[in-house]
Amino acid sequence: MNCDLDTSIPEWIIEHPETTRVFNAMRLDTSCAGKSLRYVCIHQGLSPTEVLERLREAVAGDRSGDFDAG
């Protein structure tokens with residue numbers, strides 16, 4: 001599965017468990033009732049494209065996912 005902004009957070013975690021720490025660090029609800037990553041980011045006041053970039057970096061192994069979300 002190719003995860004993107006229209007993919008739900010639970011689907012991201014199923015496909016890429018390493019993204020869990022990114023979601024936790026950014027304090028994003030990992031259950032989110034199946035809403036898209038874009039929707040959750042917007043409602044948390046986060047840039048969807050920045051979050052997507054962090055997730056892709058975590059999947060690629062370029063970062064540990066530990067960073068300052070604020």
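Separating the OG1 atom in T7 from the CG atom in L52 is a distance of 9.0 Å, to the nearest 0.5 Å. With values rounded to the nearest 0.5 angstrom, R21 atom CZ is found 12.5 Å from I13 atom CD1.
Scanning all heavy atoms of the two residues, the minimum distance from S31 to P10 falls at O-CG, 3.6 Å. When every heavy atom of T30 is checked against every heavy atom of I9, the shortest pair comes out as CA-CG2, 3.6 Å.
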Return a table of donor-acceptor pairs under 3.5 angstrom between the side chains of residues 34-44 and protein atoms on other chains or two or more places apart.
residue, atom, partner, partner atom, Å
S36, OG, Y39, N, 3.1
R38, NH2, D6, OD1, 3.2

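Every residue two or more places apart in sequence or in another chain was checked for a side-chain hydrogen bond (donor to acceptor under 3.5 Å, both in side chains) with T20, and none qualifies. Remark: S47 engages T49, E50 in a side chain to side chain contact (heavy atoms under 4.5 Å, CB included) (not counting sequence neighbours). Take N24 and apply the side-chain hydrogen bond (donor to acceptor under 3.5 Å, both in side chains) test, not counting sequence neighbours, and it matches no residue.
Using a 4.5 Å heavy-atom threshold, the side chains of L55 and H16 count as separate.
Pairs of residues two or more places apart, or lying in two chains, never qualify as salt bridge (Lys or Arg N to Asp or Glu O under 4.0 Å) while including a residue from residues 7-16.
Side chain of W12 to backbone of P17: no donor-acceptor contact under 3.5 angstrom is found.
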